[in-house]
Amino acid sequence: QVHLVESGGGLVQAGESLKLSCAASGRTFINYVMGWFRQAPGKEREFVAGIRWSAGSTFHADSVKGRFTISRDNAKNTVYLQMNSLKPEDTAVYYCAARPSTAIVLSSNAYDSWGQGTQVTVSS
């Protein structure tokens with residue numbers, strides 16, 4: 001069974017950076033896509049970034065492109081989300097998710113394993 005644990009959230013000021021981590025366990029992820037999603041109060045969960053574990057190829061949402069970068073460390077079985085130039089509108093709970101496929105998709109319904117989430121708050 002896949003187990004995902006996020007960490008690294010916190011309170012920062014606009015313009016600052018944070019790096020989120022997602023420790024994955026329970027199986028090998030060679031044929032998986034790992035994704036980061038976020039959900040702000042009163043809003044739907046939205047796709048932020050995804051990575052194909054084996055190839056390392058990535059896709060980022062337009063809203064974060066150029067500011068956020070998803071990556072993975074095979075040896076540590078960990079996925080990261082480096083967030084730079086943070087804005088107040090980035091404030092949300094950030095979730096790590098796993099999908100048993102090599103296709104990166106934006107719908108949260110396509111991911112069947114989720115972490116508990118980590119809060120990111122950006123003050124203006």
Side-chain angles (χ1 to χ4, degrees):
Q1 185 169 346
V2 174
H3 188 52
L4 305 174
V5 180
E6 302 98 334
S7 61
L11 171 63
V12 297
Q13 293 189 337
E16 294 185 340
S17 299
L18 276 177
K19 187 173 185 177
L20 305 183
S21 299
C22 172
S25 61
R27 61 158 297 131
T28 57
F29 294 92
I30 194 72
N31 291 317
Y32 268 66
V33 161
M34 307 297 290
W36 283 100
F37 288 77
R38 66 186 181 186
Q39 188 166 19
K43 294 188 176 181
E44 292 187 355
R45 192 168 296 189
E46 66 169 342
F47 175 88
V48 175
I51 185 168
R52 295 181 179 86
W53 193 283
S54 57
S57 51
T58 63
F59 182 82
H60 297 79
D62 286 344
S63 58
V64 305
K65 199 170 293 182
R67 299 188 300 123
F68 292 10
T69 303
I70 188 172
S71 63
R72 55 92 173 94
D73 184 324
N74 285 334
K76 296 182 178 180
N77 246 24
T78 299
V79 178
Y80 302 99
L81 185 67
Q82 177 67 47
M83 305 186 295
N84 299 328
S85 303
L86 282 161
K87 304 175 182 179
E89 51 263 43
D90 295 318
T91 295
V93 177
Y94 282 71
Y95 297 91
C96 178
R99 178 170 188 260
S101 169
T102 56
I104 297 176
V105 297
L106 277 60
S107 172
S108 60
N109 293 331
Y111 295 76
D112 56 11
S113 300
W114 292 85
Q116 82 287 352
T118 185
Q119 176 72 46
V120 172
T121 303
V122 184
S123 63
S124 57

Kindly indicate whether the side chain of [X], heavy atoms from C-beta on, has any atom under 4.5 Å from the side chain of [Y].
X	Y	value
L81	V64	no
V79	F29	no
W53	N74	yes
I51	M34	yes

**Asked** Is K65 salt-bridged to D62, cutoff N-O under 4.0 Å?
**Response** yes
Nearest non-hydrogen partners of [X] and [Y], listed with the distance:
X	Y	result
A40	A92	N-CB, 3.8 Å
S17	N84	OG-OD1, 2.9 Å
H60	A49	CD2-CB, 3.6 Å
S21	T78	CB-CG2, 4.2 Å
W36	C22	CZ2-CB, 3.7 Å
A14	S124	CB-CA, 4.4 Å

Measure from the side-chain N and O atoms of [X] to the backbone N and O of [Y], and report whether any donor-acceptor pair falls under 3.5 Å.
X	Y	value
N77	A24	yes
T91	V122	yes
T28	I30	no
R52	T102	yes
E6	C96	yes

First locate atom [atom1] of [X], then atom [atom2] of [Y], and finally report the distance between them rounded to the nearest 0.5 Å.
X	Y	atom1	atom2	value
K19	S71	NZ	OG	5.5 Å
E46	S107	CD	OG	13.0 Å
S7	Q116	OG	CD	8.5 Å
R38	E89	CZ	CD	8.0 Å
W114	S108	CH2	OG	5.0 Å
S113	Y32	OG	OH	6.0 Å

**Request:** Return the orientation label for the F47 and F59 ring planes: parallel under 30°, perpendicular over 60°, tilted otherwise.
**Result:** tilted
**Prompt:** In terms of the angle between their ring planes, are Y111 and F37 parallel, tilted or perpendicular, with boundaries placed at 30° and 60°?
**Reply:** perpendicular
**Prompt:** In this structure, which one of K87, Q82, M83 forms a side chain to side chain contact (heavy atoms under 4.5 Å, CB included) with R67?
**Reply:** K87
Identify whether [X] and [Y] are in the same connected component of the hydrophobic contact network (ILVMFWY, side-chain heavy atoms under 4.5 Å).
X	Y	answer
V12	F68	yes
V2	I70	yes
V48	V105	no
Y80	L20	no
L106	Y95	yes

**Prompt:** Do other residues, nucleotides or ligands put more than 12 heavy atoms under 6.0 Å from the NZ atom of K76?
**Reply:** no
**Other residues, nucleotides, ligands: >12 heavy atoms within 6.0 Å of E44 CD** = no
